J.: 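Pasting a structure below so you can have a look.
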Amino acid sequence: MASSYTCTLFILNFILLSLSTISSFEDDFVETLVATRTEKTTHLHFYFQDRPGGRNPTAVQIIARKGLGFGTTYMIDDALTRSADRGSEIIGRAQGMYSVATRNDLGLLMVVSFCFTQGKYNGSSLSMLGRNHVMDNVREMPIVGGSGLFRFARGYALAHTVWFDVKTGDATVQYNVSVNHF
Ligand SMILES: *[C@@H]1O[C@H](CO)[C@@H](O)[C@H](O)[C@H]1NC(C)=O
Ligand SMILES: *[C@@H]1O[C@H](CO)[C@@H](O)[C@H](O)[C@H]1NC(C)=O
């Protein structure tokens, strides 16, 4: 009697152990933690130096359409500077692309990583994805994510063109970015 009871317990234990082993085998690639960190808001202010013209362009046309028409696409690795002066200190780069996404006026789809190279944010980046209706005085585009110190970032960018050369297409654009992150 006693031995049959022990035997039943043993088998039950074995089954429970096997079940827990199976479930931990299935879930061991997932871990859920309770978030306790507090979110902060960071404001960034810089100038985007778009240079499709000249001998050393940082924006190159990769899809050409007549008269900068629908579908025209540029790949960019533009400098981000501290002030509007194109020779001022470079604090990062805008890497990505933009395309003319409108058939009737000049609206761009921007797909850009702002990669910072100075100070505390060196190595961290923000991802911007959105519509840039370039003829508007101020354009708003969403910040959809980030890396490094900007992990979990989300927010928005406000852009205002401060200088534009009609002949070369070169432009300097002021950016104010607000992001929430941890
Ligand atoms: C930024 O980080 C890179 C890679 O770690 C390093 O080589 C570079 O010196 C850093 N730049 C500054 C200004 O700290
Ligand atoms: C960016 O912020 C500065 C300082 O507050 C302000 O003068 C400027 O108009 C802002 N620009 C944009 C595009 O929001």
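By convention here, the first residue in the shown sequence is residue 1. Numbering of ligands and ligand atoms starts at 1, following listing order. Please read all numbers here as calculations on a predicted model, not as lab measurements.
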J.: Looking at atom 1 (C) of ligand 1, tell me if a protein heavy atom falls under 4.0 Å from it.
T.: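 So atom 1 (C) of ligand 1 has protein heavy-atom neighbours under 4.0 Å.
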J.: Is there a polar contact, in the sense of an N or O pair closer than 3.5 Å, between Gln118 and ligand 1?
T.: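 Not met; the criterion fails.
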J.: Determine whether any protein heavy atom is located less than 4.0 Å from atom 11 (N) of ligand 1.
T.: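 So far as the 4.0 Å threshold goes, atom 11 (N) of ligand 1 is in reach of a protein heavy atom.
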J.: Got the closest protein heavy atom to atom 8 (C) of ligand 1, with its distance?
T.: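 The closest one turns out to be Asn122 ND2, 3.7 Å.
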J.: So, does Thr117 use its side chain to make a donor-acceptor pair with the main chain of Asn122 at under 3.5 Å?
T.: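 Not confirmed, Thr117 side chain does not pair with Asn122 backbone.
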J.: Is the His181 to Phe150 ring centre distance short of 6.0 Å?
T.: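 For His181 and Phe150, the ring centres are under 6.0 Å apart.
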J.: Are a donor atom and an acceptor atom from the side chains of His43 and Asn176 found within less than 3.5 Å of each other?
T.: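 Judged by distance alone, the side chains do not pair up.
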J.: For atom 14 (O) of ligand 2, is some protein heavy-atom partner under 4.0 Å away?
T.: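 So atom 14 (O) of ligand 2 has protein heavy-atom neighbours under 4.0 Å.
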J.: Between CZ of Arg51 and CG of Asp78, what distance do you get to the nearest 0.5 Å?
T.: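 Answer for the CZ-CG pair, Arg51 versus Asp78, is 8.0 Å.
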J.: Would you call Met97 and Ile76 a side-chain contact if the rule is heavy atoms closer than 4.5 Å?
T.: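 Met97 does not reach Ile76 side chain to side chain.
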J.: Quick one: which of Leu44, Thr42, Val144 gives a side-chain contact (heavy atoms from CB on, under 4.5 Å) with Leu126?
T.: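 It is Leu44; the other options fail the test.
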J.: Could you tell me whether His45 and ligand 2 have an N or O pair separated by under 3.5 Å?
T.: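 No; the residue has no nitrogen or oxygen that sits under 3.5 Å from a nitrogen or oxygen of the ligand.
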J.: Nearest protein heavy atom to atom 5 (O) of ligand 2, by residue and atom, and its distance?
T.: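 Closest protein heavy atom to atom 5 (O) of ligand 2: Asn176 ND2, 4.8 Å.
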J.: List ligand 2 atoms under 4.0 Å from Gln174, heavy atoms only on the residue side.
T.: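 Listed by number with element, the hits are 8 (C), 10 (C), 11 (N), 12 (C), 13 (C).
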J.: Verify the distance criterion only: is there a donor paired with an acceptor across the side chains of Tyr47 and Gln174 at less than 3.5 Å?
T.: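 Side chains of Tyr47 and Gln174: pair found under 3.5 Å.
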J.: Out of all atoms in ligand 1, which are within 4.0 Å of some heavy atom of Thr117? Include the element for each.
T.: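 Matching atoms, with element in brackets: 11 (N), 12 (C), 13 (C).
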